[in-house]
Amino acid sequence: MPELPEVETVRLGLEPVLVGNRFASVEQRRKDLRFPFPLNFAKRLSGRKVEALDRRAKYLLARLDDGEVLVMHLGMTGRFSIDRANGEKLEPGRFYDEATIAPAHEHVVFHMGDGAAVRYADARRFGYMDLIRQSGLNEHALFKGLGIEPLSEEFTPEWLANRLKGKATSIKAALLDQRLIAGLGNIYASEALHRAKISPYRLAGTIPTKSGKPMPKTIALVKSIKAVLGAAIKAGGSSLRDYRSAEGRPGRFQYSFKVYGQEGKPCRGKGCSGTVCRIVQNGRSTFYCPNCQK
DNA sequence: AAGAACTCCTGTTGGC
DNA sequence: TGCCAACAGGAGTTCT
């Protein structure tokens, strides 16, 4: 569920609670999420200090003082909540009429040295956690094939044109491929294609280059991806059903969706009179405007 | 080898 | 109201 902007928002919320703090104890309430927890997970975390909390693609990386990295992925329904040390409970859904998280879905509780508790709940359990040595992180199976960070300076039209060349899959499917661009998901792929006025059906290989130079569509796509992700982070991510920022405040970017979830509504593209359609590609919904996306 | 289908799991929603 | 199929922000594994 959470894509790059949501994970980044969670990172910003967790950072002041985790960084510089120690794990006093960790409750691990089941042996696995999507994958088994690593051996002696809770024990290995106990007493460790968090030196930094980073993000890579949709992964959160808590760098520990013993050279290990606590790797966390939220899957589709993973969410964190924080009980502050001063006793204040910041429950997800606090600003909503939604029920609180069912206790059965709360799988991990990190008790911090300063008295704060960081809770991880995940109804579908598509999320996962692992402990990996910092020195081998980039060679680890989870990270080895991971693609470029779309907000990095290295992500340029030249780079994208080069990587899309010869691809026979749809551009929508290509944008979801984490080995290519790491962090885009189903919402922002649709939104970026709409901003760039590119049909999700277009074969990725037909977008890129002419005589070695990126075509306008490639330039527009890179610009759109960066813009939509940047704006979403600024808005604190998108809140649909499950996602809340770590403080429990909802994201606001859902109000800026131009196509995602907007089936049947008029296209909000400038000067476009089209209607937003929902189609299915590779088993996933794509929203787009057939009138302005070519 | 690339691309697509299948799979994991639980909860919500919409149609009849 | 009840039931049931469809769908949900991900991505590793298994097929073709």
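Letters A, B, ... mirror the listed sequences (proteins, then strands); counts begin at 1.
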Output yes when at least one side-chain N/O atom of A:S285 is less than 4.0 Å from OP1 or OP2 of C:dC7, else no. no
Nearest-Å distance for atom pair NZ/P, residues A:K165 and B:dA2: 16 Å
Taking all atoms of both residues into account, what is the closest heavy-atom pair of A:E149 and A:L4, and its distance? OE1-CD1, 4.0 Å
Could you give the CG-to-P distance, from A:L240 to B:dG11, as a whole number of Å? 18 Å
At 4.0 Å (heavy atoms only), tell me whether A:R278 reaches a base, stays on the sugar-phosphate, or touches nothing. sugar-phosphate
Go ahead and name the base partner of C:dA5; Watson-Crick or wobble counts if both distances stay under 3.5 Å, otherwise write none. B:dT13
Establish, yes or no, whether a centroid distance under 6.0 Å links the rings of A:Y59 and A:F143. yes
Which is true for A:Y59 with a 4.0 Å heavy-atom rule: it touches a base, it touches only sugar-phosphate, or it touches nothing? sugar-phosphate
Touch check for A:G185, heavy atoms < 4.0 angstrom, all strands: base, sugar-phosphate only, or nothing? sugar-phosphate
So what does A:F253 touch, heavy atoms closer than 4.0 Å: a base, only the sugar-phosphate, or nothing? nothing
Short side-chain N/O contact from A:Y128 to OP1 or OP2 of C:dG12, under 4.0 Å: yes
Atom pair distance, as rounded to whole Å: CG in A:L33 and P in C:dG12: 15 Å
Under a 3.5 Å distance rule, please check whether A:N21 uses its side chain to pair with a backbone N or O of A:M112 as donor and acceptor. no
Quick check for you: among C:dA8, C:dG12, C:dA11, whose closest atom lies nearest to any side-chain atom of A:M76? C:dA8
Rounding to an integer number of Å, can you tell me how far A:N282 CG sits from C:dG12 P? 16 Å
What is the distance from CZ of A:R179 to C1' of C:dA11, rounded to the nearest Å? 10 Å
Using a cut-off of 4.0 Å on non-hydrogen atoms, how would the nucleic acid contact of A:R125 be classed: base, sugar-phosphate, or nothing? sugar-phosphate
If I pick the P atom on B:dG3 and the same atom on C:dG9, what distance separates them, to the nearest angstrom? 22 Å
Does A:H73 have a side-chain nitrogen or oxygen under 4.0 Å from the phosphate oxygens OP1 or OP2 of C:dA11? yes
Would you say a side-chain N or O of A:R284 is under 4.0 Å from OP1 or OP2 of C:dG10? yes
The answer to which of A:H105 and A:A168 contacts DNA chain B further toward the 5' end, by nearest nucleotide, is A:A168
Assess, by modelled atom type and distance only, whether the side chains of A:Y188 and A:E6 contain a donor and an acceptor separated by less than 3.5 Å. yes
Side chain of A:Y260 only, heavy atoms from C-beta on: which candidate in C:dG12, C:dG9, C:dC7 is closest? C:dG9
Roughly how many Å is it from NE2 in A:H140 to P in C:dA11, rounded to a whole number? 15 Å
Will you find, in the side chains of A:K172 and A:N186, an N or O donor that is under 3.5 Å from an N or O acceptor? yes
Which nucleotide, C:dG10, B:dG3, C:dG12, lies nearest any side-chain atom of A:E3? C:dG10
Using the rule for Phe, Tyr, His and the six-membered ring of Trp, do A:F126 and C:dG10 stack at under 5.5 Å and under 30°? yes
Give the rounded distance in Å between these two atoms: CZ of A:R34 and P of C:dG12. 6 Å
A:T169 has its side chain closest, among C:dG9, B:dA4, C:dA8, to B:dA4
P atoms of C:dA6 and B:dC6, separation to the nearest Å: 14 Å
Let me know the distance between CD of A:E191 and C1' of C:dG9, rounded to the nearest Å. 13 Å
Is the closest side-chain donor-acceptor distance between A:S199 and A:Q293 under 3.5 Å? no
A:R124 (side chain) and C:dA8 (base): donor-acceptor pair under 3.5 Å: yes
In whole Å, what separates the P atom of B:dC9 from that of C:dT14? 15 Å
Under a 3.5 Å cutoff, is there a donor and acceptor pairing between the side chains of A:Y128 and A:D130? no
